[in-house]
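One structure is given below, encoded as structure tokens.
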Amino acid sequence: RDAVVCRRVSKVWAAGTARAHEALRDIDLDVAPGEFVVFLGPSGCGKSTLLYLIAGLEPATGGEIWSFHDRIAAPSPERSLIFQETSLFPWLAVWQNVSFGLSLKGVPDGERRSIARAALQRVGLAEAFDKRPDELSGGMRQRVAVARALAMRPKVLLMDEPFAALDVQTRQKMQDFLLDVWRDSGASVLFVTHHIDEAVALADRIVVFTARPGRIKTVVRNDLPRP
Ligand code: ADP
Ligand code: ADP
């Protein structure tokens, strides 16, 4: 079973109203387990929309989306979504942010601490365990967001321009960091960007979105060696 399967997926925002807007039409996409796929294209061409549908945050208006054995109908911790601006809870310590999803599932405190510790180690932020989010840099906060996702053991990591708010140097470091985390986790990654250099640095395959809304996308295999 593939990690993500889209069959003839369509999305019309505000369907049936005067503001109806077709963002996606008849999208077919297969993502293998462990594959790193980048959505590349200009602003407004439906990249985030497709990511939201795969996350289960928005219903498709046509077609079907599957992840492993499940038809996607609602959000799941197996598919963690990370945005450009991470919303960490400022009043909670870093470890509590990282294990927040586990507290919702009723995982006891001691276990949450050890899972958070392991996840923070994997993103190289063990020393931030007891800190507050506002004591960290932007890049570190995005790493905390990745740790929070990893703590839920996702099979698919969905990332919507996660490094767009960072300066160029930090972005480069975050790309290397993400490749390490990805290789280590075995998860599939779907990553949205409008930077060609970022797509080439990260992807196994690049899905090129065109500005014309609703048209089918081209999928390119990326043969350039990664760092
Ligand atoms: P991208 O991520 O490629 O920049 P989006 O998926 O955000 O593109 O947007 C695709 C199109 O759908 C845009 O025209 C955008 O205005 C529209 N859109 C996105 N989200 C909504 C929404 N919640 N309601 C209505 N239209 C939306
Ligand atoms: P991106 O940075 O991916 O291009 P946008 O700035 O287009 O994202 O959208 C930011 C947020 O606003 C998203 O949650 C999106 O769903 C929503 N949005 C975008 N376009 C519209 C729209 N035309 N009507 C309502 N909500 C929208």
Side-chain angles (χ1 to χ4, degrees), residues 3-31 35-67 71-76 79-87 138-139 141-142 145-146 149 154 156-168 170-171 174-175 178 182 187-222:
V4 177
V5 175
C6 298
R7 285 290 170 267
R8 297 185 65 90
V9 169
S10 300
K11 179 65 179 180
V12 180
W13 288 105
T17 75
R19 297 178 300 110
H21 179 87
E22 184 183 40
L24 300 169
R25 185 194 300 170
D26 289 345
I27 304 299
D28 286 312
L29 178 68
D30 297 82
V31 179
E35 191 177 23
F36 200 126
V37 172
V38 170
F39 294 174
L40 176 69
S43 194
C45 60
K47 305 183 298 295
S48 304
T49 298
L50 186 53
L51 215 59
Y52 291 172
L53 301 188
I54 293 169
L57 291 170
E58 276 287 335
T61 40
E64 296 184 353
I65 305 179
W66 293 79
S67 182
R71 174 107 186 250
I72 292 176
S76 153
R79 299 182 305 276
S80 286
L81 183 61
I82 295 172
F83 297 97
Q84 177 174 341
E85 302 283 345
T86 298
S87 43
R141 283 199 295 271
Q142 285 305 73
V146 173
V156 182
L157 263 178
L158 307 171
M159 309 185 93
D160 193 354
E161 308 218 28
F163 309 145
L166 306 175
D167 63 78
V168 175
T170 309
R171 233 179 67 206
M174 292 296 285
Q175 289 170 10
L178 177 60
W182 163 67
S188 306
V189 177
L190 292 180
F191 186 103
V192 169
T193 184
H194 56 264
H195 293 289
I196 290 184
D197 59 335
E198 194 159 60
V200 169
L202 294 173
D204 291 319
R205 283 192 303 154
I206 301 171
V207 181
V208 181
F209 284 60
T210 54
R212 195 146 54 108
R215 289 322 305 161
I216 187 55
K217 321 305 179 192
T218 309
V219 182
V220 184
R221 183 156 292 284
N222 178 24

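Here the structure is a predicted model, which is why all the values come from computation and not from measurement. One-based numbering, in listed order, for ligands and for the atoms of each.
Counting only distance, with no hydrogens or angles, the side chain of Lys47 and the backbone of Val208 share no donor-acceptor pair below 3.5 Å. Looking at Arg79, its side chain does come within 3.5 Å of a backbone N or O of Ile54 through a donor-acceptor pair. Not one N or O on the side chain of Ser80 forms a donor-acceptor pair closer than 3.5 Å with the backbone of Leu157. Under the 3.5 Å distance criterion, the side-chain polar atoms of Asn222 are left unmatched by any main-chain donor or acceptor of Arg205. The closest donor-acceptor contact from the side chain of Ser188 to the backbone of Val156 lies at 3.5 Å or more, if one exists at all.
For ligand 1, the atoms closer than 4.0 angstrom to any heavy atom of Pro42 are 3 (O). Residue-ligand proximity, Ser43 to ligand 1, at heavy-atom distances under 4.0 Å covers atoms 4 (O). Those atoms of ligand 1 with a heavy atom of Lys47 less than 4.0 angstrom away are 1 (P), 2 (O), 3 (O), 4 (O), 6 (O), 8 (O). Near Ala23, meaning under 4.0 Å from any of its heavy atoms, are these atoms of ligand 1: 12 (O). The ligand atoms of ligand 1 that sit less than 4.0 angstrom from a heavy atom of Thr49 are 5 (P), 6 (O), 9 (O), 10 (C). Near Cys45, the atoms of ligand 1 lying under 4.0 angstrom from a non-hydrogen atom of the residue are 1 (P), 3 (O), 8 (O). Atoms of ligand 1 lying under 4.0 Å from at least one heavy atom of Gly44, given by number and element, are 1 (P), 3 (O), 4 (O), 8 (O), 10 (C), 11 (C), 13 (C), 14 (O).
In this structure, Gly41 does not count as a contact residue of ligand 1, since none of its heavy atoms falls inside 4.0 Å of the ligand.
Between Val192 and ligand 1, no pair of N/O atoms sits closer than 3.5 Å.
To the nearest 0.5 Å, atom CZ of residue Phe39 and atom OG1 of residue Thr193 are 12.5 Å apart. In this structure, the separation between CG on Asp160 and CZ on Phe83 is 7.0 Å, given to the nearest 0.5 Å. For the atom pair CD1 of Ile82 and CZ of Phe191, the computed distance is 9.5 Å after rounding to the nearest 0.5 Å.
Here His21 has side-chain heavy atoms under 4.0 Å from ligand 1, and that is the only part of it that gets that close. Residue contacts with ligand 1 for Ala14 are absent, since no atom lies close enough (heavy atoms, distance under 4.0 Å).
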